Amino acid sequence: MMLELRDVSVARGGVPVLDGVGLVLGPGEAMVLRGPNGSGKTTLLRAVSGLQPVLAGEVSGAERVAYSGHADGLKANLSVAENLAFWAAAFGTRGIEAAMEAYALAPLSDRWAGNLSAGQKRRLGLARMLVTGRPVWVLDEPTVSLDAASVALFAAAVRGHLGAGGAALIATHIDLGLSEARVLDVAAHRAMAPLPGSDEAFL
Ligand SMILES: Nc1ncnc2c1ncn2[C@@H]1O[C@H](COP(=O)(O)OP(=O)(O)OP(=O)(O)O)[C@@H](O)[C@H]1O
C-alpha cells in the first residue's frame, strides 16, 4: 500500500466539504478525482499531502507524497536547471537529466524561471515531481496552461512513474488518456449541509 484514506472528512475555512472518503492506492496505481468546481478536490489533496489536518478519519502514506498544487513554487531568479537542482538537493536526490528530458526542458535550461511562459512554468513545476524521488504523486489540476503536446508529456511521465512502482492521485477536469486510472467522484462525498429552515431554534 502506498496511500490509504479511511473515512476521511475535510473542511475548508471551518466549513466541512467532504465526508467519508476512502481509497487505497498500491504501487503502479493511479486514481483521478472528479467533481464540480468547489466540491472539495483541492481541499482533499491538501489534506492527503499533510498541508492541512483532516477533520476526521485517517491518512496513511502522507510522508510518501510529492504534492503539486495550483502554484508552481518556482524560484523566479533561478534558471530552469537551477530550480530542478535546488529541489533535488532539498529532497536529497541526485540528477535532473531525466526530469529535463521528460518535459523537453533542455532548450530552456538556462532561462530564468520567472521569464517562462505559463505552460513552460507548469512543465517545470511538473518536472519537479521527478526529482523529489517520492513514490506518491498528488497533483491538483496538473494540465492547466499545457498544450496538447505537453499534456502528452505529462501523461507519459505519469505512466513511467506508475511503471516504476509509483502511484498517483490526480484532480483534473480533462481526459488525460490514462485509461488505467480509477475514478473517484467526490460529489458522492459532499458533506451534508444543514437543511434550509432547520435552524435548531425551531426544532
Ligand atoms: N480559504 C477558504 N476559506 C473558506 N472557504 C474556502 C477557502 N478556500 C476554498 N473554500 C471553499 O471550499 C470549497 C472547496 O474548495 P476546493 O478548492 O477544495 O474545491 P475544488 O473541488 O478543488 O474546486 P475546483 O474544481 O474549482 O478547483 C469551495 O466551496 C470553496 O469556495
Side-chain angles (χ1 to χ4, degrees), residues 2-3 25 27-34 41-42 45-46 48-51 61 64-183:
M2 290 289 206
L3 181 72
L25 279 182
E29 292 183 344
M31 183 170 281
V32 166
L33 283 189
R34 294 214 188 279
K41 300 177 299 295
T42 293
L45 294 185
R46 285 171 48 83
V48 165
S49 307
L51 298 173
R64 286 187 274 272
V65 166
Y67 172 78
S68 169
H70 292 254
D72 287 315
L74 310 179
K75 309 275 176 214
N77 296 333
L78 293 184
S79 72
V80 166
E82 286 167 346
N83 266 279
L84 288 173
F86 170 83
W87 289 315
F91 283 90
T93 64
R94 283 174 181 280
I96 62 168
E97 290 73 23
M100 295 279 289
E101 192 179 326
Y103 286 96
L105 291 170
L108 304 172
S109 173
D110 296 327
R111 293 266 298 276
W112 277 9
N115 291 345
L116 298 176
S117 75
Q120 290 166 343
K121 282 180 183 160
R122 181 49 62 128
R123 266 155 59 201
L124 176 55
L126 292 170
R128 178 171 60 99
M129 295 288 104
L130 283 158
V131 303
T132 64
R134 296 271 175 93
V136 181
W137 289 359
V138 171
L139 304 151
D140 195 359
E141 296 290 351
T143 60
V144 170
S145 306
L146 295 186
D147 60 21
S150 297
V151 170
L153 291 179
F154 168 70
V158 172
R159 280 231 167 77
H161 181 63
L162 302 179
L169 180 61
I170 309 168
T172 179
H173 292 287
I174 73 158
D175 181 3
L176 298 169
L178 288 170
S179 53
E180 65 270 47
R182 286 176 287 152
V183 175

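Since this is a predicted model, take the numbers as computed values, not measurements. FYI, side chains are in, hydrogens and waters are out, and symmetry mates aren't considered; it's all heavy atoms of this structure.
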Considering non-hydrogen atoms only, spot the tightest contact between [X] and [Y] and give its length.
X	Y	answer
Ala30	Leu162	CB-CD1, 3.8 Å
Leu45	Ala171	CD1-CB, 3.6 Å
Ala85	Ile96	N-CG2, 3.7 Å
Val32	Ala181	CG2-CB, 3.9 Å

Validation: residues 130-143 side-chain donor-acceptor distances under 3.5 Å, sequence neighbours left out:
unit_1, atom_1, unit_2, atom_2, d
Thr132, OG1, Met129, O, 2.7
Thr132, OG1, Arg134, N, 3.1
Arg134, NH1, Val65, O, 2.7
Asp140, OD2, Thr42, OG1, 2.7
Asp140, OD2, His70, NE2, 3.1
Glu141, OE2, His173, NE2, 3.1

Rounded to the nearest 0.5 Å, how far apart are [atom1] of [X] and [atom2] of [Y]?
X	Y	atom1	atom2	result
Leu153	Leu126	CG	CG	10.0 Å
Tyr103	Leu146	OH	CG	8.0 Å
Ser145	Lys121	OG	NZ	9.5 Å
Ile170	Lys41	CD1	NZ	14.0 Å

Below 4.0 angstrom, N of the basic side chain to O of the carboxylate: do Arg182 and Glu29 qualify? yes

Does the side-chain contact (heavy atoms from CB on, under 4.5 Å) test come out yes or no for Met2 and Arg64, once each step is laid out? CA-CA 7 Å; Met2 290 289 206; Arg64 286 187 274 272; 4.2 Å; yes

Is the shortest heavy-atom distance from the side chain of Leu124 to the side chain of Leu84 under 4.5 Å?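 The answer is yes; the side chains approach within 4.5 Å.
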
Report yes if the side chains of Val158 and Leu176 come closer than 4.5 Å at any heavy-atom pair, otherwise no.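 Counting from C-beta outward, Val158 and Leu176 never come under 4.5 Å.
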
Output side-chain donor-acceptor pairs under 3.5 Å for residues 110-118, partner residues at least two apart or in another chain, one line each.
unit_1, atom_1, unit_2, atom_2, d
Ser117, OG, Gln120, N, 3.2
Ser117, OG, Gln120, OE1, 3.3

State whether the side chain of Arg123 and the backbone N or O of Ala104 hold a donor-acceptor pair below 3.5 Å, judged by distance alone.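 Judged by distance alone, yes, a pair lies under 3.5 Å.
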
